[in-house]
There are 2 protein chains.
Amino acid sequence: MLTFAEENYLKAIYHLSDGGKKGVATNDVSHAMRTKPASVTDMMQKLGEKGVIEYRKYYGVHLTEDGRKLALQTIRKQRIWEVFLVEKLKFSWDEVHEVADELEHVRSQILVQRLDEYLGYPKFDPHGDPIPDEFGEVKSRPRFPLSELEVGASGQIVAVKDSSAAFLKYLDKVGAYIGARIKVLDKVEFDGSVEILVDGKKSIFMSKDVAMNILVMQ
Amino acid sequence: MLTFAEENYLKAIYHLSDGGKKGVATNDVSHAMRTKPASVTDMMQKLGEKGVIEYRKYYGVHLTEDGRKLALQTIRKQRIWEVFLVEKLKFSWDEVHEVADELEHVRSQILVQRLDEYLGYPKFDPHGDPIPDEFGEVKSRPRFPLSELEVGASGQIVAVKDSSAAFLKYLDKVGAYIGARIKVLDKVEFDGSVEILVDGKKSIFMSKDVAMNILVMQ
DNA sequence: ATTATTTTTTAGTATAGTCTAAAATGGTAT
DNA sequence: ATACCATTTTAGACTATACTAAAAAATAAT
Ligand SMILES: [Mn+2]
Ligand SMILES: [Mn+2]
Ligand SMILES: [Mn+2]
Ligand SMILES: [Mn+2]
């Protein structure tokens with residue numbers, strides 16, 4: 001059984017390791033968790049003991065298969081709660097993070113099952129991220145940053161990479177949303193900024209920084 | 001800001017003090033919280049420092065007005081979550097306690113507000129207990145144990161005093177439920193057991209122990 | 001190849017919550 | 001009035017999590 005803190009660390013490691021593939025540095029976990037590196041080292045050693053990560057002194061950590069599954073179970077809960085908050089309680093997609101970050105730790109299998117059922121077994125959360133199944137499997141659809149689309153190319157917004165309130169509020173303001181059909185009208189070579197057409201009617205201009213954080217599929 | 005543990009203690013003290021009226025003994029809190037008396041004393045001192053209870057060494061504790069309100073805020077959240085679990089997620093009334101006991105600690109005013117709205121501002125939880133308003137006010141309807149009804153008297157089941165799974169499952173089995181109209185058909189002087197008629201059709205026989213834990217109004 | 005810098009780990013401290021064992025207190029019974 | 005007993009509190013220890021400051025290791029710069 002993992003504690004709240006352990007679950008949070010595991011989630012952070014999962015995200016930083018790109019789904020368990022890459023190794024993760026102490027400093028990066030420290031940054032993500034907003035704790036000091038010394039605290040991270042402590043926790044890494046404990047998680048190592050528990051067998052959910054492989055910890056090699058001075059060389060960062062890797063998730064074990066067990067660790068990956070546990071991380072995904074928490075992520076599953078987080079995303080299901082996010083769907084609930086947006087679909088049922090009318091939260092906006094920029095308000096759900098904090099709350100879901102607490103709700104995800106509520107321990108009850110039956111609760112997640114019933115909630116999932118109640119929501120109609122959603123496949124994606126409000127930010128377009130896939131909801132893992134109860135066995136820790138994620139089937140992610142191919143997606144890439146909008147910044148990589150060529151001029152003239154079309155696609156559909158399927159997710160956001162950054163889900164900070166600031167970024168999401170900006171997207172709301174300019175009218176970009178998950179599911180929108182888009183086409184790249186122009187691209188400035190100098191700074192990578194782009195102009196896109198949304199749903200065949202509205203044209204939006206955005207910096208490369210923004211375009212990199214919008215994920216599309218074709 | 002209170003911790004999870006502090007909220008749980010405060011709730012226990014509230015219940016044991018009959019809504020803040022009576023003083024509460026260390027041993028009773030210890031029993032209710034399933035912690036040792038020494039741990040309770042520690043916590044009482046801390047809660048005393050924080051001004052939510054009045055702690056007099058060796059003489060038990062009283063809730064302050066602040067403490068009472070804080071306890072009621074947690075109780076409000078617990079009961080709203082219980083309604084959600086039963087009404088929306090099809091939990092049975094004997095399954096909600098554990099889960100609501102965790103959910104009640106999620107910190108977000110907006111969450112409780114929206115949930116309350118989503119549920120249509122319920123006034124009572126699945127066990128018939130009143131849901132305090134956001135300012136810590138409870139308006140409880142007059143109610144008393146079924147065991148006190150005279151033979152021939154009628155009433156309506158409005159709440160249960162014991163909400164353990166064992167007791168609630170038993171009530172399900174015999175067909176007693178919140179809202180049922182009842183009439184006392186017979187009462188055995190010797191042991192206080194009673195026979196009641198439910199909704200004018202089904203007759204149930206129950207021990208005094210059971211009858212004392214069913215609350216009715218007339 | 002040394003030296004300097006960055007990253008990571010260790011050592012020691014703090015708070016929250018719990019425990020056991022022992023001491024203190026208040027109330028009860030003689 | 002004193003002795004006894006149940007209750008409560010203190011003292012000391014433990015786990016979890018975080019911190020600061022200092023040491024150690026890895027990496028980068030000369
Ligand atoms: Mn979290
Ligand atoms: Mn999300
Ligand atoms: Mn609780
Ligand atoms: Mn209840």
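Residue numbers start from 1 in every chain, and the chains themselves are labelled A, B, ... in the order their sequence lines are given, proteins ahead of strands. No hydrogens, no waters, no symmetry mates; every other heavy atom, side chains included, goes into these values.
- Residue A:Glu102 holds its CD atom at 7.5 Å from OG of B:Ser108, rounded to the nearest 0.5 Å.
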Side chains of residues 115-124 of chain A: which donor-acceptor partners sit under 3.5 Å, not counting sequence neighbours?
{"residue": "A:Asp116", "atom": "OD2", "partner": "A:Arg76", "partner atom": "NH2", "Å": "3.3"}
{"residue": "A:Tyr118", "atom": "OH", "partner": "B:Tyr118", "partner atom": "OH", "Å": "2.3"}
{"residue": "A:Lys123", "atom": "NZ", "partner": "A:Tyr121", "partner atom": "O", "Å": "3.1"}

Pairs under 3.5 Å (N/O, protein and nucleotides 18-20 of chain C):
{"residue": "C:dT18", "atom": "OP2", "partner": "B:Tyr9", "partner atom": "OH", "Å": "3.3"}
{"residue": "C:dC19", "atom": "OP2", "partner": "B:Lys36", "partner atom": "N", "Å": "2.9"}
{"residue": "C:dC19", "atom": "OP2", "partner": "B:Ser39", "partner atom": "OG", "Å": "2.8"}

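- Atom CG of B:Leu47 is separated from atom C1' of C:dT15 by 15 Å (rounded to the nearest Å).
- Between the C1' atom of C:dT6 and the CG atom of A:Asp28 lies a distance of 13 Å, rounded to the nearest Å.
- Legend: residues meeting side chain to side chain donor-acceptor pair (under 3.5 Å) with A:Arg68, ordered by chain and number and at least two apart, are A:Glu65.
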Pairs: protein N or O with nucleotides 22-24 of chain D N or O, under 3.5 Å:
none

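- For B:Asn27, taking side-chain heavy atoms from C-beta onward, the closest of the listed nucleotides D:dT8, D:dA26, C:dG27 is D:dT8.
- Checked against side chain to side chain donor-acceptor pair (under 3.5 Å), A:Ser17 has no partners two or more places apart in sequence or in another chain.
- With sequence neighbours left out, B:His105 forms a side chain to side chain donor-acceptor pair (under 3.5 Å) with B:Glu7, B:Asn8.
- Applying the side chain to side chain donor-acceptor pair (under 3.5 Å) rule to B:Tyr177 yields the partners B:Asp199; only residues at least two apart in sequence or on another chain are considered.
- Between B:Val160 and B:Leu168 the shortest side-chain heavy-atom distance falls below 4.5 Å.
- Rounded to whole angstrom, the span from the CE atom of A:Met44 across to the C1' atom of D:dA18 amounts to 13 Å.
- Here salt bridge (Lys or Arg N to Asp or Glu O under 4.0 Å) pairs that include residues 162-174 of chain B, with residues two or more places apart or in two chains, are B:Asp94-B:Lys169.
- Following rounding to the nearest Å, B:Gln45 (CD) and D:dT8 (P) show an atom-to-atom distance of 13 Å.
- Considering only side-chain N and O atoms, B:Tyr55 lies under 4.0 angstrom from the phosphate OP1 or OP2 of D:dT9.
- Here side chain to side chain donor-acceptor pair (under 3.5 Å) pairs that include residues 50-61 of chain B, with residues two or more places apart or in two chains, are B:Glu6-B:Lys50.
- Straight-line distance from the CZ atom of B:Arg56 to the P atom of D:dT8: 13 Å, rounded to whole Å.
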Distance-only donor-acceptor pairs under 3.5 Å for side chains of residues 25-41 of chain B, two or more places apart:
{"residue": "B:Ser30", "atom": "OG", "partner": "B:Thr35", "partner atom": "O", "Å": "2.6"}
{"residue": "B:Thr35", "atom": "OG1", "partner": "B:Tyr9", "partner atom": "OH", "Å": "3.2"}
{"residue": "B:Thr41", "atom": "OG1", "partner": "B:Pro37", "partner atom": "O", "Å": "3.3"}

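- Within the structure, the salt bridge (Lys or Arg N to Asp or Glu O under 4.0 Å) test picks out the following pairs touching residues 8-24 of chain A (sequence neighbours left out): A:Lys11-A:Asp101, A:Lys11-A:Glu104, A:Asp18-A:Lys21.
- Contacts of residues 18-26 of chain B with DNA chain D (heavy atom under 4.0 Å): B:Ala25, B:Thr26.
- Rounded to whole Å, atom C1' of C:dA16 lies 9 Å from atom CD of B:Glu6.
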